[in-house]
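Read through the structure below, which is laid out as C-alpha cells, and then see the notes.
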Protein chains: 2
Amino acid sequence: MSTQDRPTYAEISSHAGVSQATVSRVLNGDERVHPDRAKRVLESVAALGYRKNRAASALASGRTGLIAVVIDDDMRVFNDPFWSAVSSGVSRVLQTAELQTLLMVSNMTSPTGAIAHYLNSGDVDGAIFFQLHSEEFVSKLAARGLPVVIAGTPLSSADFTYVDSDNFGGARQATHHLLQRGCKSIASITGDINASAARQRLDGYRQGVRDFGIEPDNDLVAYGDYSHESGIEQMRVLLSRGVEFDGVFAANDLMAVGAMAALEEAGRKIPDDVAVVGFDDSLIARTTRPALTTIRQDITELGEAVAELMIQKLAGEETFSRILPTELIVRDSA
Amino acid sequence: MSTQDRPTYAEISSHAGVSQATVSRVLNGDERVHPDRAKRVLESVAALGYRKNRAASALASGRTGLIAVVIDDDMRVFNDPFWSAVSSGVSRVLQTAELQTLLMVSNMTSPTGAIAHYLNSGDVDGAIFFQLHSEEFVSKLAARGLPVVIAGTPLSSADFTYVDSDNFGGARQATHHLLQRGCKSIASITGDINASAARQRLDGYRQGVRDFGIEPDNDLVAYGDYSHESGIEQMRVLLSRGVEFDGVFAANDLMAVGAMAALEEAGRKIPDDVAVVGFDDSLIARTTRPALTTIRQDITELGEAVAELMIQKLAGEETFSRILPTELIVRDSA
DNA sequence: ATGAAAGCGCTAACAA
DNA sequence: TTGTTAGCGCTTTCAT
C-alpha cells in the first residue's frame with residue numbers, strides 16, 4: 001500500500017558513491033568490502049532511512065526469509081496454551097535471525113491441501129510442524145529439500161530433526177515421587193495413546209514402578225485421551241475394577257484434575273487416600289484444589305530450541321534432535 | 001532451497017499458446033479473458049504443476065499477501081488460550097483469501113523495534129493487533145496507509161476498526177443473573193483496570209446493579225489484575241472490609257476461581273453463602289469445583305471477524321467495528 | 001576489493 | 001479481448 005517511494009539501492013549507491021553491488025554486499029554481510037566504504041554505505045542507509053524490500057530480495061536470491069509453523073486446527077491445540085507458548089518462543093528466536101514466522105493452521109494437512117500447496121511452492125525457507133501430522137507428507141517435503149523441524153516426537157523412527165520434552169523421564173520421575181512418598185500401588189491414566197508423548201509417558205510410568213521392584217500391572221492402567229472428561233471417566237473405571245491403588249499418575253494436568261474430582265466423588269481423600277501427579281504444570285495445576293503436584297516442561301525453551309535447530313539447518317549445519325529435561329513440581333496432591 | 005526449476009509463465013504461456021499477460025490475467029481472476037483461452041491456461045497450469053512465485057508477484061504488484069498478527073510477548077497472552085484461538089480463526093479466514101498470517105511477537109512494540117521496522121517496510125499488506133499496544137504507534141502505521149484491525153477495544157476514541165466481545169453487556173448479564181437468583185448485594189473484582197475490557201466489565205457490573213434499583217457501592221469493588229493470585233487477594237480484601245455481599249462477579253474465570261478459594265478458606269459456601277460468576281468460559285470454568293457459572297465469549301468468531309474486516313479493508317470497502325454478543329453459561333457456582 | 005550488467009518471475013501500462 | 005514491453009528492487013556472476 002502507498003508507494004512511499006522509499007529509497008532503493010540506486011539512491012544508496014549514489015549517495016554513498018559506490019556501486020549497487022557494494023551496497024548489496026554490505027547489507028548482506030559480505031566480508032570482502034573495504035571497511036571505509038562499508039561504513040559509508042551504512043551511513044547512507046541510515047541517512048536515507050533505507051529498508052530492504054523483502055520481495056525483491058526474495059525474488060533475486062530465492063530465499064524468502066519465511067518459516068512456516070504448521071499447526072493442526074485441532075481443538076486440543078487451541079485450547080491448550082502449550083502451543084501458543086511454543087510459537088512465541090519460535091517466533092522470538094527466528095526474529096533474531098531475520099526470519100519471520102508464517103502461521104499456518106491446517107484443518108487437514110492432506111498433500112492436496114492449501115498448506116501443502118504453499119509449502120511446496122518454495123515460498124518458505126523451512127517448515128516447523130507441531131505434533132507430526134502425516135509423517136509421509138512431511139517426509140516428502142523434507143525429501144524435496146525443505147528444511148523441517150518437528151516440535152514433539154515423530155511416531156516413526158524416520159530421521160526427522162525434532163525437539164521434545166523428556167516424556168519418558170518425566171513420567172518416571174512422577175512415578176518415583178509417588179513411590180518415594182510411600183505409595184504402594186500406582187495407577188496411571190494415559191493420554192491419547194496414538195500420540196507418541198502418551199506412549200512415552202506410559203513407558204516412563206512402567207519403568208518407574210519397575211525401578212522400585214514392582215511389576216507393572218495392566219489393571220492399573222486406564223486409557224484416556226488427555227481431556228478432563230476422560231480423566232473423570234478413567235478414574236471411575238479404575239475404581240470400578242476393584243484393584244487397590246494409593247497413587248495415580250495422569251499423563252496431563254487436565255486429566256489429573258478430572259481424576260481428582262472422581263476420587264473425591266468416591267470419597268477418597270487426596271493425597272492421603274490417593275496421591276495424584278499430573279504432567280505439564282499448566283495453569284490449572286496451580287489453581288486447582290488441592291494444588292496439583294506435576295511435571296513441568298519448559299515449553300518456551302522447546303520453542304526456542306526448535307527455532308535454533310531451524311536456523312542451524314538453514315545454515316547447512318548438522319542438527320541433532322533434542323530432548324529437554326522436565327522438573328518435578330511438588331504441591332499438595334502428592 | 002533446491003531450485004526445482006518449477007515452470008514459470010514462460011512455460012505456461014507457450015504450452016497454452018497464449019501470452020504471459022493472458023496467463024497473468026487468468027491467474028489473477030481478470031474477467032476479460034475468453035473462457036476458452038482461460039480454460040487452456042488452467043489446463044496448462046495443472047498439466048505442468050505450476051505454482052506462482054509469491055516473491056515475484058509481490059515485487060511486481062507491491063502486494064505481499066502477508067498480514068501481520070502482532071502480539072505482545074506478555075505472559076498473560078501466552079498462558080491464555082484466548083489469543084491462540086483468535087489467531088487460529090484469523091489464520092483460517094485469511095487463508096480463504098489467499099492471505100498468509102505472519103506471527104510477530106513483540107517484547108516491546110517501540111517504534112524503533114524490529115517489528116515497527118518490518119511493519120513500516122511495506123512487507124505486509126496489513127496488520128492485526130491483539131490488545132492495543134501503543135496506540136500512537138498503531139495510529140502512525142494506519143496514517144501511513146497500512147490497513148489495521150484491532151482485536152479488542154482501543155482505549156482512545158481513535159477511529160480504529162476493531163472487534164471485541166461485548167464486555168459491558170456480558171458483565172451486566174452476569175450481574176443480572178446473580179440478582180435474579182436472589183442475591184441482595186453483589187461485589188466485583190475487576191481485571192487490570194488499565195485495559196479497556198476491564199473497565200467495560202466494571203461499567204457493565206455497575207449498570208447491572210443499577211438496573212435492579214441498587215446504587216453501586218465502591219466498597220464492593222476490589223481491583224485485581226486478572227491473575228489467579230489477585231482473585232484470592234482481592235476476595236480477602238473484600239471480606240476484610242466487613243461489607244456484606246452474597247454474590248460476586250469476577251472479571252475473568254481465573255480470578256473467580258481464586259476468589260472461590262478465598263471464600264472457602266473463609267468458611268463461606270458456594271453458591272449458598274456467596275454465588276460467583278466469572279467471565280471467559282475458559283477451560284478452568286468447567287473443571288473447577290464447583291463448576292463456574294460464567295460469561296462465554298466466542299473467541300474463534302472474534303478471530304474470524306477480525307480477519308474478515310481485514311479482507312474488506314484490503315478490498316477498499318468501508319469497515320465497521322463489531323461487538324460480539326456474549327452468553328451466560330450457568331453452572332454450579334451461581 | 002569493486003563495478004557492470006544480466007536477470008529472478010511476475011504485473012500492469014500501453015498498444016493493437 | 002489480447003499481446004508487447006517495461007520495469008519492480010535486489011542478487012550474483014563475471015570482469016576488472
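Numbers restart at 1 for each chain; the letters A, B, ... are given by sequence-line order, proteins then strands. Basis for what follows: all heavy atoms, side chains included, without hydrogens, waters or symmetry-related copies.
Between A/Arg322 and A/Glu301, at least one side-chain nitrogen of the basic residue sits less than 4.0 Å from a carboxylate oxygen of the acidic one, meeting the salt-bridge criterion. In this structure, A/Glu317 does not pair ionically with A/Lys313, as no charged nitrogen and carboxylate oxygen lie closer than 4.0 Å.
At a cut-off of 3.5 Å, with distance as the only test, a side-chain donor of A/Thr64 or A/Asp125 sits close to an acceptor on the other residue.
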### Summary
For nucleotides 11-16 of chain C, 5' to 3', base contacts (B), sugar-phosphate-only contacts (S) and non-contacts (-) with protein non-hydrogen atoms under 4.0 Å give BBB---

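Every residue was checked against the salt bridge (charged side-chain N to carboxylate O under 4.0 Å, His left out) condition with A/Glu11, not counting sequence neighbours, and none meets it. For A/Tyr118, the ring-ring contact (aromatic ring centres under 6.0 Å, His included) test picks out no residue, with sequence neighbours left out.
Between the side chain of A/Thr22 and the main chain of A/Val18, no donor-acceptor pair closer than 3.5 Å is present.
Taking atom CG of A/Asp123 as the reference point, atom C1' of C/dG9 lies 12 Å away to the nearest angstrom. When rounded to the nearest whole Å, the span between CG of B/Leu59 and C1' of D/dT11 equals 12 Å. Spacing between atom CG of B/Asp30 and atom P of D/dT1 amounts to 9 Å, rounded to whole angstrom units. The CZ-C1' distance, from B/Arg37 to D/dT2, rounds to 6 Å in whole Å. Look at CD on A/Glu31: it is 13 Å from P on C/dT2, rounded to the nearest Å. Atom CG in A/Asn53 sits roughly 11 Å away from atom P in D/dC8 (whole-Å rounding).
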